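To keep things clear, I will list the structure first and then write my remarks on it.
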Amino acid sequence: MKKLSCIPSHLLLQPSNEVKKILDKFYKRKEIQKLAADYGLDARLFHQAFISFRNYIMQSHSLDVDIHIILNDICFSAAHVDDLFPFFLRHAKQIFPVLECKDDLRKISDLRIPPNWYPEARAIQRKIIFHSGPTNSGKTYHAIQKYLSAKSGVYCGPLKLLAHEIFEKSNAAGVPCDLVTGEERVTVEPDGKQAAHVACTVEMCSVTTPYEVAVIDEIQMIKDPARGWAWTRALLGLCAEEVHLCGESAAIDLVTELMYTTGEEVEVRTYKRLTPITVLDHALESLDNLRPGDCIVCFSKNDIYSVSRQIEIRGLESAVIYGSLPPGTKLAQAKKFNDPDDPCKILVATDAIGMGLNLSIRRIIFYSLIKPSINEKGEKEIEPITTSQALQIAGRAGRFSSKFKEGEVTTMNREDLNLLREILNRPVDPIRAAGLHPTAEQIEMFAYHLPDTTLSNLIDIFVDFSQVDGQYFVCNMDDFKFSAELIQHIPLSLRVRYVFCTAPINKKQPFVCSSLLQFARQFSRNEPLTFSWLRRYIKWPLLPPKNIKDLMDLEAVHDVLDLYLWLSYRFIDMFPDASFVRDLQKELDGIIQDGVHNITKLIKISETHKLLNLESLSTESQSRLSGTLKSQARRTRSTKTSGSKAAEPPSPHAGEKSLASRLVQQGLLTADMLKQLEKEWLTQRTEHGKEITESGTYSKGTRRKKKEPDSD
């Protein structure tokens, strides 16, 4: 007799409404939910699994015999609703394969004892020295002196510029030093042998090479939501007899706690600022009040462009520094500003000046105190700058090595001055946790258990399963996941895919993102990315920029060359022409430098051709935008009262302290937002006019004859 394995669902002995009641009762049972949690089904997964299980029972054309029998038994009180759980769990494991190996996954993603990941460091007793102090206190200088006097050493910095600076200082002092960044390797020994000293970006430091002295700069960045893991790795993993940490006092308690778990004591050396800094009792209020040595700090490119243009209108010359400029261009602009014989006496910059550049600044002027940021959850926030950020930026004024021995700080707007004082006077919040990041090996082990899961989903599952104690957190992986999803459809091995996803790219630059995609596609076809191919891809030779858009496009090409160089040190066979690309990048850097040198001309051309919309180009434009906002508000009010009254047109005579200008200055509105508001208002006004016209009235109020029925 043939065994029956499935029964058509329409042959169930009980009506479907009875089965639905059984399933609803099963879902609401607290005991079932608790039991599901024991098997790794949290509330979200339990709900998803139940919906799928219910649909299977209610909508499937055939049911397993055992489920058919148990449902009938429950209906006749021969079984309890809880007896459905084994069948539910079997179904859940089919749709969530992770449940079959959850114990193994929990072990792989156990991040509770990071010190054990670095056996070489644990094999020696390290001396930890924390150099604590504000900017311009000499803390890094003292640490570097120990580094230079050691037989071997490694410097770990947050920026390529800082690594370059130590590389040059060390070699100038007669201490042979190599350079290692994500995009560059420089050996100074003629035979190519590694020098005893190396200056590197913190992500690139070796945790297996022994050193006498290690320096970790800006240790407070261990809390960074995206990059904090690199400082944690360096702190726990560097094999050095002495590890010198430089940074804010806010990190002392956390570092001490972390070193307690490794059995290492922390010696704290405290430094005071070498030169005084004063918060002025008046704001700048007008760019007419600028003096030589002033630096205006903005938190958006549009503000940079706007302020530079207004300074040029006043017959002054300014240097410009912002984050997306190539390092060579930043250094060129810094040199121009610092040169006493150069007519450029004003600097307009973002907070990129907070680290890595030696600048001779007399006075820091905050154009705004509002800065967009990304929190630990990857969410964008627009809030006033933190005390730590304000101190870092303000501390650039009146540095010990500059010609200005006393620093001053103020704001552009009078209403921001009290807030600045309040921010600077707040105590810096102590750092509570250090960042961690899954390694390629851990992700590979996850993939072994979940072979059909995408890399992006593997990261999500890893973060869900990861266990950390209170001293650590898992860094935000959104950029990694963005790259993973971008190249998901390209056939690559998991290890290669992981490396591509760790490549640092600016996901706001479409050309850079498409280049990562193109590089991955070429790689998957086993086609080396040669110099000639890259020249064709970026359409070299490139012309000097004619406007701001051209300049931004050149910056994006520079980032693409950076991406090539970064990948060339991971896949030398597939990216074989790093030396040629580096020469090409230097040539491009020169083109960008010329563009930035003439940035006010580019801004002027962009304005003329309406390629750029700045917040504060003139009082007239501010007034016009303000009028738009005000008339929109009046229109809203009149609509509520009269229902069909047409909106007033924008007033061209709004006051200088308009709503638009105040919102822009406070960072609550951007040029794009204002432009969009204006477009929406004009669209609404046009549509409203059409409605009135169709009812027989011109929007200007003149009467119109009604059409005859056959007039068309």
Side-chain angles (χ1 to χ4, degrees), residues 159-161 181-184 201 203 226-227 298-305 320-330 349-352 371-374 378 380 456 476-488 490 499-523 529 533-540 542-568 575 581-582 584-589 591-593 595-596 599 602-603 606 611-613 670-672:
L159 300 171
K160 287 183 282 188
L161 281 173
T181 70
E183 300 80 15
E184 190 173 11
T201 45
E203 286 88 351
R227 295 179 66 201
C298 309
F299 294 116
S300 78
K301 267 191 182 180
N302 269 4
D303 284 345
I304 291 277
Y305 300 149
V320 173
I321 296 174
Y322 51 86
S324 60
L325 286 177
T329 305
K330 290 177 185 174
T350 64
D351 53 345
K371 179 187 177 183
S373 62
I374 305 294
K380 189 171 182 179
S456 179
N476 181 277
M477 303 283 291
D478 283 354
D479 287 349
F480 184 100
K481 287 168 56 183
F482 174 85
S483 296
E485 290 165 4
L486 186 68
I487 64 173
Q488 180 54 45
I490 298 175
V499 173
F500 266 85
C501 292
T502 55
I505 66 168
N506 182 356
K507 62 184 182 184
K508 295 179 181 178
Q509 286 277 14
F511 184 59
V512 179
C513 296
S514 63
S515 299
L516 179 71
L517 188 63
Q518 186 62 37
F519 288 3
R521 189 176 288 119
Q522 286 278 108
F523 190 104
L529 289 89
W533 178 91
L534 186 64
R535 281 171 60 98
R536 290 194 302 272
Y537 177 72
I538 64 173
K539 296 180 173 58
W540 189 269
L542 298 172
L543 298 174
K546 297 178 181 177
N547 51 56
I548 288 297
K549 183 181 180 302
D550 288 350
L551 180 61
M552 294 172 69
D553 289 344
L554 291 176
E555 291 168 12
V557 173
H558 192 280
D559 286 348
V560 169
L561 299 184
D562 260 349
L563 175 62
Y564 182 99
L565 293 170
W566 191 94
L567 290 166
S568 72
F575 297 84
V581 173
R582 189 168 305 287
L584 190 71
Q585 192 181 47
K586 288 178 182 176
E587 192 175 340
L588 175 60
D589 199 341
I591 297 173
I592 294 174
Q593 285 183 34
V596 174
I599 194 166
L602 303 186
I603 295 168
S606 299
L611 296 173
L612 182 66
N613 182 30
T670 65
D672 289 340

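Remember, predicted model here, so these are calculated numbers, not experimental data.
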Ring pair (Phe, Tyr, Trp, His ring centres under 6.0 Å) against Phe523, all qualifying residues, sequence neighbours excluded: Phe500, Phe571
Tell me the closest heavy-atom pair linking Leu584 and Arg535, and the distance in Å. CD1-NH1, 4.3 Å
After noting the C-alpha distance and the side-chain angles of Asp303 and Thr350, does the key distance pass the side-chain contact (heavy atoms from CB on, under 4.5 Å) rule? CA-CA 9 Å; Asp303 284 345; Thr350 64; over 6 Å; no
For residues Val512 and Ala556, report the shortest heavy-atom separation together with the two atoms involved. CG2-O, 3.7 Å
Please determine whether side-chain contact (heavy atoms from CB on, under 4.5 Å) holds for the pair Tyr305 and Val320, giving the CA-CA distance in whole Å, both sets of side-chain angles, and the decisive distance to 0.1 Å. CA-CA 9 Å; Tyr305 300 149; Val320 173; over 6 Å; no
Is any side-chain heavy atom of Glu183 closer than 4.5 Å to one of Pro504? yes
Close side-chain approach of Ser568 to Val581, heavy-atom, < 4.5 Å: no
Nearest 0.5 Å, what's the NZ-NE2 distance between Lys586 and His558? 11.0 Å
Side-chain contact test, heavy atoms from C-beta onward, threshold under 4.5 Å: evaluate it for Met552 versus Lys301 and give yes or no. yes
Say you draw a straight line from CG of Asp351 to NZ of Lys371; how long is it, rounded to the nearest 0.5 Å? 3.5 Å
Is a salt bridge present between Lys160 and Asp562, judged by a nitrogen-to-oxygen distance below 4.0 Å? yes
Starting at CD of Gln518, measure out to CZ of Phe511 and round the result to the nearest 0.5 Å. 9.5 Å
What's the shortest heavy-atom distance between Ile591 and Leu542, and which atoms? CD1-O, 3.8 Å
Distance check, rounded to the nearest 0.5 Å: Ile505 atom CD1 versus Leu516 atom CG? 5.0 Å
Test item: Thr329 side-chain N/O and Ile592 main-chain N/O as donor-acceptor pair under 3.5 Å: no
Short side-chain to backbone donor-acceptor contact, Thr201 and Glu203, under 3.5 Å: no
Which pair of heavy atoms, one from Ser324 and one from Glu555, lies closest together, and at what distance? OG-OE1, 3.1 Å
Shortest non-hydrogen separation from Ile538 to Leu561 and the atoms involved: CD1-CD2, 4.2 Å
Looking at residues at least two apart in the chain, or sitting in another chain, which of them share a side-chain hydrogen bond (donor to acceptor under 3.5 Å, both in side chains) with Lys507? Asp479
Would you please name every residue forming a side-chain hydrogen bond (donor to acceptor under 3.5 Å, both in side chains) with Gln522, sequence neighbours left out? Arg525
With rounding to the nearest 0.5 Å, note down the distance linking CG in Leu554 to CG in Leu325. 11.5 Å
When you compare the side chain of Leu534 with that of Trp540, does any pair of heavy atoms fall below 4.5 Å? no
Under a 3.5 Å threshold, yes or no: a donor from one side chain and an acceptor from the other, between Tyr564 and Ser515? no
Distance (rounded to the nearest 0.5 Å) between Asn506 CG and Leu563 CG: 11.5 Å
For a 4.5 angstrom cut-off between non-hydrogen side-chain atoms, does Ile321 reach Val596? no
The test is side-chain contact (heavy atoms from CB on, under 4.5 Å); show your working for Val560 and Phe519 and say whether it passes. CA-CA 10 Å; Val560 169; Phe519 288 3; 3.9 Å; yes
Could you tell me which non-hydrogen atom of Ile603 sits nearest to which non-hydrogen atom of Ile548, and how far apart they are? CG1-CD1, 3.7 Å
